[in-house]
Amino acid sequence: MSYDHQAIESKWQDLWEKEKVFEVSEDDSKPKFYNVAMYPYPSGELHVGHIRNYTYIDLITRYKMMQGFNVLCPMGWDSFGLPAENAAIDQGLHPRESVPGQIERMKAHFRRLGVGFDWTRELASHDPAYYRWDQWIFLELYKRGLAYKAEAAVNWCPKDQTVLANEQVVGDDVCERCGTPVEKKMLSQWQFRITQYADRLLDSIDNLDHWPDRVRTMQRNWIGRSAGATFTIQVDGGGTFDVFTTRPDTSFGMTFCVLAPEHPLVEELIGGMENEAESRDYIAAAGRASEIERMAEGDKTGVFTGRYAINPVNDARVPIYIAEYVLMGYGTGAIMAVPGQDQRDWDFATKYGIEIIRTVQPEEGFGGEAYLGDGPTINSDFLNDLLQEEAKTKIIDWFVKQGIGEAAIQYRLRDWLISRQRYWGAPIPMVNCSNCGLVPVPENQLPVILPDVENYLPKGKSPLAMVDDFVNTECPECDGPAQRETDTMDTFMGSSWYFLRYTDAHNEDVIFDPEKAKYWMPLDQYIGGVEHAILHLLYARFITMFLYDIGLSPVEEPFERMFTQGMLVKDGAKMSKSKGNVVSPDHYYDAYGADALRLFELFVGPPKDDAVWNDAGAPGTKRFLDRFWKQSVDEHEFSDRVADDRDREILGVAHRTVRKVTDDIDRFHFNTTVPALMTLSNELQSYLGDEPLKEIFDEIIEKMLLMLSPMAPHLAHELWEMKGHDSMLAHEPWPTWDEDLAREETATMIVQVNGKVRDRIEVSADIEESEAKAVAMASEKIQGWLDDAEVKRVIVRPPKLVNIVIE
RNA sequence: GCCGGAGUGACGGAAUUGGCAGACGUGCAGCACUCAAAAUGCUGUGUCCUCAGUGGCGUGUGGGUUCGAGUCCCACCUCCGGCACCA
């Protein structure tokens, strides 16, 4: 026996839409709940791995609605940028053609799954009405010196033919989108000064109490704050350079200095020196090698410049080297090398025969090379005998007094490279004028519309550069001829503030009404993949903080509660189109229905963990729904006897189930809610064999329907209606439980002898300690085990356990 | 190398605080219904041992704390994720 899931599901999908069940506006009479799943790029397809995510978000929407919250759950499309453009290339289409159709197909998927979104707030990042505000934010950043164009060594993806932000280079230095190893290039690019927010972004992580620890840790590590000092070193024969160190206390141990190959002073230092040619070869090779090739070398390599530096603390004359292991992009691009306390410097010094001076006394029995631990300072004049922290303070004071240095903090975080040499993105709203230089496009000329370019394929330079009508324009300042910027913005720009736009999605005058944002923000729940732990989640925090600073966002931190769900695994790999192991839901909709699929998605495993997809899972949950359907609609024979312990017992099971399901949902343990409902259904089946009472049975079925409503909403709504209710189930209050009824009257007390279970006795749940002990000791089985051994101790934990310790 | 997370039946997993290990589902086996099959229902299903008990063993490995450990502590192994010449 099987209920007609196809008919029921489309019926209720129509009704929810017609009655605008999920369309909401600001309403001060109810507490608000703002619930968002990361907006997807419109691939056109949803596989069962994606559906897991939307099953969770919809469960929360419906659950919170039933709890009386004014719930906003909107949906939109990350339809600009590399993912959407690459998908169009794969299909041999123009993104302008492919994107709208794919959005429609995904909406059909969401409808078929029965997800309740407020579609009146739908937005798409390729819509000029949306991206004009990307451009507007760019200009606001520019006004405040937070957007700038500068020549820098950048990451280049040779397949996607564009530069990438540091955050988009993942794993073994490969492109986050296509997995191609990235190359280094020197290019002039637009960047956002996210590093200016490094401290705030870091400190504020401490307050994100409802974020997963691993995401918080990843962001902390990514920002990577180190405290130390910078100071200036004189070159013997003229010139100076600055170094950054976290160990200024070891300055007396500096036996050489190293400059990065790209360091600006290098040219001046090597000129005319004996080994100039050798140096130039080294620098050229370093420029060519990718990061991976550099690392693969293993050994540290370098070249002596022929010049010497003067250690300011003791006037020692030490050699200056050029070496790849010093990076131009971190600190000052130059270091004081202290081989005694730094293993990299030790390796280098050993290889090139440079002197090693220890300035920290290693522990007794230390057999290693560089000593990184704490200990009394040695060989260091006025720092001698001090421990690390005191020595640091004293030497920094000394630098300040000498006027050569100061305490300093460095971050691993780099500025956010925002330019992309690709077509499908928001044009950067800047103009180059030969008279006025870089000029921002005035706000009233926004949006700078992306021109329609037929041959949009990546060429290594922005395709917009070939569109003369677009490039050639008037300078907004002097009205002379000028050229537009032709790079487009990183798609992560659009995703950094869309959750603010949802609060006022169609405003044509301002980015959003701060009053509306104030009602809805921050997000009470945000759900997405852990792959965005650093990328999107860091950028979105930065842009929100910026919009807060200019008085627009009502909050500094956008995401009050963050949840990162696990991925689905099939054939030993994470389910993804590129791995070719995706499972389409279509077959499940047809054969078992959206409700059975949703229940299995919940059932499959802990939401935070990866889970293995099992094709036999949805048939299993469908069997449960069929049984429950039959249980609900069949005619049963009811008794007219007086209520007794049996009824009390089944009611107790039902109330405990409500308590458990509520608690499990609150803790995001969705995988245990379904078994709880299955168990209650099984108990109810056995109750039907025990002269059931109609009102008890009906009450429990009703509670089941209320609990199923957020999980298997179509079936639950249909049965709710069949039971004679006029109301829409989604608007009913979440069921409550009665602690008195939920309390178990009897308990199975286990009796152990020396920690091993030897008997189980049914006892009253409120049994006293002395009685529990007496009952346990009186058990025949226990007597047999005790024999005439001496009882040394009895542990009593009524009503669950008595443990008798003998011998 | 550093920082996280995880190891439980044939499989996915359950076990909020240390207190009946294996809920629930899948798979498998047997039975019922059927000419038969599917579907459905019922029963069984950690493992070992003279097929039987009031039995032994059992949550990656080895120790420890405790009356009692999947859960706490120490050491180790394996897998997964992140970072990785960041001075």
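Map I335(A) and M218(A) each onto its nearest nucleotide of RNA chain B; the residue landing nearer the 5' end is M218(A). Heavy-atom nearest nucleotides on RNA chain B were determined for R667(A) and for D345(A), and the one closer to the 5' end corresponds to R667(A).
For K756(A), the listed nucleotide lying nearest its side chain is C57(B); candidates were U54(B), C57(B), A15(B). Minimum atom distance to the side chain of T217(A) is reached by C3(B), of the listed C83(B), C3(B), G19(B). Distance from the side chain of N803(A) is smallest for C67(B) among the nucleotides C85(B), C67(B), G12(B). Closest approach to the L801(A) side chain among C20(B), G19(B), C57(B) is made by G19(B) (side chain taken as heavy atoms from C-beta onward). Checking G25(B), U54(B), G19(B) against every side-chain atom of K800(A), the shortest atom distance belongs to G19(B). Candidate nucleotides U26(B), A21(B), G12(B) were compared by shortest atom distance to the side chain of R623(A), and U26(B) ranks first. Closest contact between the side chain of F603(A) and the listed nucleotides G12(B), C20(B), A87(B) involves G12(B). If you check A14(B), A87(B), C24(B) against the side chain of V326(A), the one that comes closest is A87(B).
Comparing the C1' positions of G9(B) and C24(B) gives an interatomic distance of 14 Å, to the nearest angstrom. Spacing between C72(B) and U78(B) at atom P, rounded to whole Å, works out to 22 Å. The separation of G4(B) from U8(B), taken at their C1' atoms, amounts to 22 Å, rounded to a whole angstrom.
Not counting sequence neighbours, the partners of D766(A) by the side chain to side chain contact (heavy atoms under 4.5 Å, CB included) test are S764(A). With sequence neighbours left out, D209(A) forms a side chain to side chain contact (heavy atoms under 4.5 Å, CB included) with R216(A). Taking T564(A) as the reference, nothing meets the side-chain hydrogen bond (donor to acceptor under 3.5 Å, both in side chains) condition, with sequence neighbours excluded. By the ring pair (Phe, Tyr, Trp, His ring centres under 6.0 Å) test, F399(A) is found to be paired with F231(A), residues two or more places apart in sequence or in another chain being considered. Scanning for salt bridge (charged side-chain N to carboxylate O under 4.0 Å, His left out) contacts around E389(A) gives K392(A), with sequence neighbours left out. Annotation: side chain to side chain contact (heavy atoms under 4.5 Å, CB included) contacts of E744(A) (sequence neighbours excluded): R656(A). Partners of A772(A) by side chain to side chain contact (heavy atoms under 4.5 Å, CB included), not counting sequence neighbours, listed by chain and number: M749(A), I767(A), V796(A), P798(A), V802(A). Residues that satisfy the ring pair (Phe, Tyr, Trp, His ring centres under 6.0 Å) test with H655(A), not counting sequence neighbours, are absent from this structure.
Shown here, C80(B) is classed anti by the O4'-C1'-N9-C4 or O4'-C1'-N1-C2 angle, which is more than 90° from 0.
For C20(B), its base sits under 3.5 Å from the side chain of R760(A) at one donor and acceptor pair at least. You'll find a donor-acceptor pair under 3.5 Å spanning the side chain of R797(A) and the base of G19(B), going by distance alone. In the interface, the side chain of D663(A) is paired with the base of U16(B) through a donor and an acceptor atom under 3.5 Å apart.
The residue from R52(A), K570(A), K574(A) that alone fulfils the salt bridge (Lys or Arg N to Asp or Glu O under 4.0 Å) condition with D610(A) is K574(A).
Judged purely by atom type and a 3.5 angstrom limit, Q410(A) has no side-chain atom pairing as donor or acceptor with the backbone of F244(A). No donor-acceptor pair closer than 3.5 Å links the side chain of T246(A) to the backbone N or O of S226(A).
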Encoded 5' to 3' (Watson-Crick or G-U under 3.5 Å; [ ] crossing; | other strand), RNA chain B becomes (((((((..(((......[....)))((((((.......))))))((((...).)))..(((((..]....))))))))))))....
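Near-neighbour residues of RNA chain B inside residues 670-677 of chain A, defined by a heavy atom below 4.0 Å, number-ordered: N671(A), T672(A), P675(A).
For the ring pair (Phe, Tyr, Trp, His ring centres under 6.0 Å) condition, no pair includes a residue of residues 749-789 of chain A, sequence neighbours left out.
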With the criterion being N/O to N/O and under 3.5 Å, what pairs connect the protein with nucleotides 7-11 of chain B, and how long is each?
none

